[in-house]
2 protein chains.
Amino acid sequence: MLTTNAFAGIGALVGDPARASMLVALMDGRALTATELATVAGVTPQTASSHLAKLVAGELLAVERQGRHRYHRVATPAIAEMIESMMAVAATGTIARRRPLCTGPRDAMLRRARTCYDHLAGRVAVGIADRMITRGEIRLGADGGEVTERGAELLQSLGIEIPRADGRRGGRAFCRPCLDWSERRPHIAGAVGKALLAHSIDTLWLRPIAGSRAVIVTPLGRDALTRLFGLAPDIWDDPI
Amino acid sequence: MLTTNAFAGIGALVGDPARASMLVALMDGRALTATELATVAGVTPQTASSHLAKLVAGELLAVERQGRHRYHRVATPAIAEMIESMMAVAATGTIARRRPLCTGPRDAMLRRARTCYDHLAGRVAVGIADRMITRGEIRLGADGGEVTERGAELLQSLGIEIPRADGRRGGRAFCRPCLDWSERRPHIAGAVGKALLAHSIDTLWLRPIAGSRAVIVTPLGRDALTRLFGLAPDIWDDPI
DNA sequence: GGAACGCTTCGATCGGGCTCGAAGCGTCGA
DNA sequence: TCGACGCTTCGAGCCCGATCGAAGCGTTCC
């Protein structure tokens with residue numbers, strides 16, 4: 001079976017710890033250089049080069065040359081989704097469940113707010129999803145979700161344009177639940193989640209941290225998100 | 001990073017050809033014995049036992065003892081979704097795209113109609129999705145889909161009860177697009193796809209083949225599906 | 001032009017894991 | 001009770017691939 005071999009090949013590509021680290025690092029959607037990825041993976045540049053060549057040949061990563069740098073990024077959204085679903089499985093495993101996923105002040109930031117490929121994740125993102133559901137602005141089920149009319153009004157009032165499912169103006173905007181690794185509950189992914197994150201960065205509500213998936217919630221963003229999405233004030237406090 | 005290690009572990013588990021074959025074979029949702037899986041993977045029972053032990057330890061498979069048999073199945077729907085997304089990536093790769101996925105009379109059946117974990121896949125499934133979209137019975141987008149009121153009426157008239165997204169009666173029924181490996185276009189997955197397949201088997205429209213993911217479309221099913229979903233007659237002909 | 005830098009290629013080493021034969025354990029049927 | 005069967009464990013062989021040093025190529029900066 002040709003597909004089965006390709007399937008195993010994908011697994012083997014992801015199966016090496018160094019390559020896995022690289023893929024995880026690229027899951028925020030940015031493009032990183034070979035040297036940066038070597039540092040992330042904890043290997044020498046030669047080894048990283050070999051790994052990156054394999055990932056590019058396997059079409060998991062795409063590469064662009066810029067001068068003497070080579071920027072690597074996740075090749076397609078489908079691949080990012082695949083990695084997401086694999087991490088969701090990995091995060092629910094016994095080994096990961098045994099003790100808290102991460103500790104320390106740096107990881108407290110990750111748990112609070114981080115990027116998940118093209119949308120927001122973490123305690124804040126789950127809180128936003130919770131409130132939008134209870135206020136009837138979105139609906140989320142096991143198989144998908146959508147923005148309600150009330151939700152569309154809210155987003156439009158913020159200046160966020162949500163692409164419709166079928167391209168037509170009158171169509172419905174779907175969104176996708178994405179299991180949050182740290183919270184173990186869904187946050188909003190898909191076009192809606194992407195637009196929400198982009199808008200939050202544009203308006204300086206959130207500020208990405210270079211070299212990390214964590215994002216800083218600015219004082220401006222804290223006020224805006226609390227007000228607009230009716231977040232509980234204690235969402236900003238890191239639990240012990 | 002604990003999660004990254006677990007992530008790489010999942011990849012390594014899937015990365016072996018023998019284990020990959022087993023997982024693919026189990027993707028129709030049935031539970032198979034260790035010996036059956038050894039045959040599928042083309043390895044000796046000892047080797048299969050070792051692989052299965054790893055897959056069970058990694059919580060990708062669950063096992064049930066029945067007398068001297070051990071039945072293995074995909075542990076959770078989340079894992080089946082993960083495998084699906086990996087196969088979708090594998091099926092779009094250059095290697096798989098180079099030549100037709102499969103040939104021969106046995107594979108013609110697979111291309112026509114097969115199970116995809118808990119729902120139907122293949123040319124017929126894609127045809128059903130196409131027609132339901134054009135007739136306004138379902139909507140499918142990149143991030144999800146839903147059953148329209150007209151679609152709900154159709155399904156209800158067939159005696160298919162679709163679980164609502166939020167459990168409430170008035171709620172909306174979401175469904176999920178799933179990229180068809182052989183057709184390279186989406187068919188219907190999620191609760192709606194599952195209910196549709198179950199109903200088709202109950203009514204003897206479809207008959208699963210033991211030891212294969214292919215399903216036979218009975219004459220009864222051919223008539224019913226053509227009539228109910230307005231399929232083009234040539235969908236039953238295998239292209240050369 | 002020369003040096004520093006980013007990245008790749010080549011070659012050698014080495015460890016992990018896949019594989020199967022042989023043997024052992026539990027279950028089923030006669 | 002005995003043999004057949006399904007499956008697992010143990011052990012040894014063996015191959016693949018990850019890793020890094022050394023060297024080479026192209027780019028940038030001074």
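We name chains A, B, ... by the order of the sequence lines, and we start the count at 1 in each one.
- Separating the CG atom of B:Asp16 from the P atom of C:dG16 is a distance of 17 Å, rounded to the nearest angstrom.
- A search for side chain to side chain contact (heavy atoms under 4.5 Å, CB included) contacts involving A:Ile235 returns A:Arg123, A:Leu231, not counting sequence neighbours.
- Side-chain contact of B:Glu36 with B:Thr33: a donor-acceptor pair under 3.5 Å is present, judged by distance alone.
- Atom C1' of nucleotide C:dC28 and atom CZ of B:Arg70 are separated by 16 Å, given to the nearest angstrom.
- Summarising the geometry, the separation between CG on B:Leu55 and C1' on D:dT8 is reported as 16 Å, rounded to the nearest angstrom.
- The aromatic rings of B:His119 and B:His187 sit tilted relative to each other, their planes meeting at an angle between 30° and 60°.
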N/O contacts under 3.5 Å, protein versus nucleotides 20-24 of chain C?
| unit_1 | atom_1 | unit_2 | atom_2 | d |
| --- | --- | --- | --- | --- |
| C:dC20 | OP2 | B:Thr44 | N | 3.4 |
| C:dC20 | OP2 | B:Thr44 | OG1 | 3.2 |
| C:dC20 | OP2 | B:Thr47 | OG1 | 2.9 |
| C:dG21 | N7 | B:Gln46 | NE2 | 2.6 |

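- Screening B:Leu26, B:Leu61, B:Thr39 against B:Leu32 for a side-chain contact (heavy atoms from CB on, under 4.5 Å) leaves a single residue, B:Leu26.
- Inspection of the B:Ser21 and A:Thr4 side chains reveals no N or O donor paired with an N or O acceptor under 3.5 Å.
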Heteroatom pairs (N/O) under 3.5 angstrom, protein to nucleotides 25-29 of chain D:
none

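- When rounded to the nearest whole Å, the span between CD of B:Glu36 and P of D:dC5 equals 16 Å.
- Distance A:Lys54 NZ to D:dC16 P: 13 Å, rounded to the nearest Å.
- What separates NE2 of A:His69 from P of C:dT8 is a distance of 12 Å, to the nearest Å.
- Using modelled atom types and a 3.5 Å distance limit, the side chains of B:Ser50 and B:Thr47 yield no donor-acceptor pair.
- B:His51 has its NE2 atom 15 Å from the C1' atom of D:dT9, to the nearest Å.
- Within the 4.5 Å cutoff, the side chain of A:Leu60 has heavy atoms near those of the A:Val14 side chain.
- In this structure, the separation between CG on B:Leu225 and CD1 on B:Ile128 is 5.0 Å, given to the nearest 0.5 Å.
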